[in-house]
Participant: 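What follows is a structure written as C-alpha cells; I'll ask about it next.
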Protein chains: 2
Amino acid sequence: MRETTGEQVGTNVSDTALRGFVGYNMKRAFNAVQADLTRTLAPHGLRMITYSVLALVVENPRLRPSALAKALTVERANLVVYVDQLEQAGWVTRTPSSTDRRAYALQATLEGQQVYARAMAAVRDHDQRMLGALDPSDVAVVNKALATIEAQGRSL
Amino acid sequence: MRETTGEQVGTNVSDTALRGFVGYNMKRAFNAVQADLTRTLAPHGLRMITYSVLALVVENPRLRPSALAKALTVERANLVVYVDQLEQAGWVTRTPSSTDRRAYALQATLEGQQVYARAMAAVRDHDQRMLGALDPSDVAVVNKALATIEAQGRSL
DNA sequence: CCTCACTAGTTATGAGCTATAACTAATTGC
DNA sequence: GCAATTAGTTATAGCTCATAACTAGTGAGG
C-alpha cells in the first residue's frame, strides 16, 4: 500500500502543461544542442558566438562590424568583444575603411580561414550527430518553421 | 559604377553556411521567442525559469526539489535560488518531508496557483503569437523533432 | 551498531550571453 | 555650418548555467 503523504521522488514528474508550448521544447532541445556544440568548438578555441562571427567574416570579406552585428542580431557593443577575441587570436583583422573613417573592414587571416575550415567540419559532424534520428524531410520542415518563428518574433 | 574596394554595408550579408545548421536556426528562433516570452511574463513577476518551476510545482504537489531539478534538467544548486524567489513571493512553500529529514515538499500556495493561472493564459497567447503563421501539422512535426533532438543530445 | 558511501539541500563563485547607457569621432541632411 | 544620425567603443548589470565545497541525513555491509 503506497502512502499518499509522501513526496514526488521518482521520474514520474509531469510537465505536460509546459510540453504544449513550443518555447519550452525549444529551450530544452537547444540546451542539449548547445552543450554538444560547446564541447565541439572548445578544442578549436571557439565558442558558438565567436564561431558565428568568424563564419560571417570568412563568408563576407571586408564586412563592417555594424553590418555583422545586424546580421547576427547581436548588439554592436557585444560584438566588439567577440571581434577583439578573434583579433587577439590572430584570426581576424580590423583595417580602417577607405571610404568612412569611422568604420572598419573585417577580414579573416589565412590562419583564421584554416581554423574556420577545421571547426566547420567538426560542426558538420555535430549537426549530423544531433539530427541522426530525424527524417530529412522533417529537418527541412523544422528549419523552415524555425525561420518563420524567428521572423514572427522579430516583428514584435 | 560600384567600387569593389568598399565594405559590406547593406543587408546583403550572407550566412548561408550557418543557415544549414539546425543549431543556428534554433538559436535565432529561440532568441526571438525568449524575448517575447520574457516581456510576457514580466508583468506577472515571473521569468522563464521561475514560471517553469511554478508550473511543475502546481502540476506535481509535494514535489521534491531534487526531482524538480531533474525534471527541468537544471542543477540543484541553481534551483535553490529559483525556489527562494518563489517562496519569498509567497507562491510556493517548503515543508519538511515527513519521511526524509533532509528533504522538503514543495507546494504552491493559493496565490501561487492564481498567479500561475494568469501567467499560463498569457503564455498561451504568446505561443499563439509566435506560431500564428505556422501550419498546425508543422507545429506537431516541430515539437516531435525538438523532443527527439533533446533526447539525442542528452544521450551524449 | 558503526563506519562509509551516497543523497538532499545549500552556499559561493565564475564564465558566458544579452541589454542598456553613455561616450568619442565622423558623416550626412537641411 | 549645424543638428541629427551613425560607427565603434567602454562600462555595467542581470540572467542562465556549471562547478566545487559544505552540512546534514540516509542506508548498506561488515
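Basis for what follows: all heavy atoms, side chains included, without hydrogens, waters or symmetry-related copies. Naming: A, B, ... by sequence-line order, numbering from 1 per chain.
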Participant: Picking from D:dT16, C:dG9, D:dA7, which would you name as closest to the side chain of A:R64?
Facilitator: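 Of D:dT16, C:dG9, D:dA7, D:dA7 is nearest to the side chain of A:R64.
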Participant: B:R101 side chain N/O closer than 4.0 Å to the phosphate oxygens (OP1, OP2) of C:dA8?
Facilitator: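 Negative; the distance criterion is not met.
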Participant: Indicate whether OP1 or OP2 belonging to D:dC17 is found under 4.0 Å from a side-chain N or O atom of A:K27.
Facilitator: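 True: A:K27 side-chain N/O within range (under 4.0 Å) of D:dC17 OP1/OP2.
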Participant: Using a cut-off of less than 4.0 Å, is there contact between a side-chain N or O of B:S66 and OP1 or OP2 of C:dG9?
Facilitator: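 Yes, such a contact exists.
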Participant: Taking 4.0 Å as the cut-off, does a side-chain nitrogen or oxygen of A:R94 come that near to OP1 or OP2 on D:dT9?
Facilitator: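 Yes, because at least one side-chain N or O of A:R94 sits under 4.0 Å from OP1 or OP2 of D:dT9.
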Participant: Classify the side-chain pair A:R47/A:Y51 by whether it contains a donor and acceptor separated by less than 3.5 Å.
Facilitator: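 Checked: A:R47/A:Y51 side chains show no N/O donor-acceptor pair below 3.5 Å.
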Participant: Quick check: any donor-acceptor pair below 3.5 Å linking the side-chain of A:N78 to the base of C:dA19?
Facilitator: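 Answer yes: a donor N or O sits under 3.5 Å from an acceptor.
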Participant: Without decimals, in angstroms, what is the distance between B:D100 CG and C:dT10 P?
Facilitator: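 After rounding, the gap between these two atoms is 13 Å.
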Participant: Determine, using the 4.5 Å side-chain heavy-atom cutoff (strictly less than), whether A:Y104 and A:V80 are members of one ILVMFWY cluster.
Facilitator: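 Hydrophobic grouping puts A:Y104 apart from A:V80.
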Participant: On DNA chain C, does the nearest nucleotide to B:R102 precede the nearest nucleotide to A:R102 from the 5' side, or the other way round? Give the residue.
Facilitator: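 The residue whose closest nucleotide sits nearer the 5' end is B:R102.
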Participant: Would you kindly give the CD-to-C1' distance between A:E75 and D:dA7, to the nearest whole Å?
Facilitator: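 Roughly 14 Å, once rounded to whole Å.
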Participant: Can you measure B:L79 atom CG to C:dG9 atom C1' for me and round it to whole angstrom units?
Facilitator: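 About 10 Å, once rounded to whole Å.
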Participant: Testing the 3.5 Å rule here: is there a donor-acceptor pair between the side chains of A:T99 and A:S97?
Facilitator: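 A donor-acceptor contact under 3.5 Å links the two side chains.
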Participant: To check you understand the geometry: which heavy-atom pair defines the closest contact between B:D127 and A:V22, and what is its length?
Facilitator: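 Answer, listing the atom of B:D127 first, then A:V22: OD1-N, 3.3 Å.
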Participant: Does B:V139 belong to the same Ile/Leu/Val/Met/Phe/Trp/Tyr cluster as B:L146, with side-chain heavy atoms less than 4.5 Å apart forming each link?
Facilitator: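 Same cluster.
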Participant: So, OP1 or OP2 of D:dC17: does either fall under 4.0 Å of a side-chain N or O from A:N31?
Facilitator: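 For A:N31, the contact criterion (side-chain N or O under 4.0 Å from OP1 or OP2 of D:dC17) is met.
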Participant: If we only count heavy atoms from C-beta on, is the B:L68 to A:V13 side-chain gap below 4.5 Å?
Facilitator: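 A side-chain contact under 4.5 Å is absent here.
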Participant: Using a 4.0 Å heavy-atom cut-off across all strands, classify A:R76 as base, sugar-phosphate, or nothing.
Facilitator: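 A:R76: base contact, heavy atoms under 4.0 Å.
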Participant: Using whole Å, what does the distance between atom C1' of nucleotide D:dC15 and atom CZ of B:F30 come to?
Facilitator: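 Nearest whole value for this atom pair: 12 Å.
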Participant: Can you identify which nucleotide, out of D:dT10, C:dT11, C:dA8, has its nearest atom closest to the B:A103 side chain?
Facilitator: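 Nearest listed nucleotide: C:dA8.
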Participant: Mind running side-chain hydrogen bond (donor to acceptor under 3.5 Å, both in side chains) on A:E59 and B:S14 for me, showing each step along the way?
Facilitator: CA-CA 7 Å; A:E59 237 187 311; B:S14 161; 2.8 Å; yes
Participant: In whole Å, I'd like the distance from the OH atom of B:Y104 to the C1' atom of D:dT23.
Facilitator: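 Distance, rounded to whole Å: 11 Å.
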Participant: With the threshold set at under 4.0 Å for non-hydrogen atoms, list the residues of residues 33-58 of chain A touching DNA chain C in residue-number order.
Facilitator: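 Only A:R47, A:I49 qualify.
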Participant: Nearest-Å distance, CG (A:L72) to P (C:dC17)?
Facilitator: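 So the two atoms are 12 Å apart, to the nearest Å.
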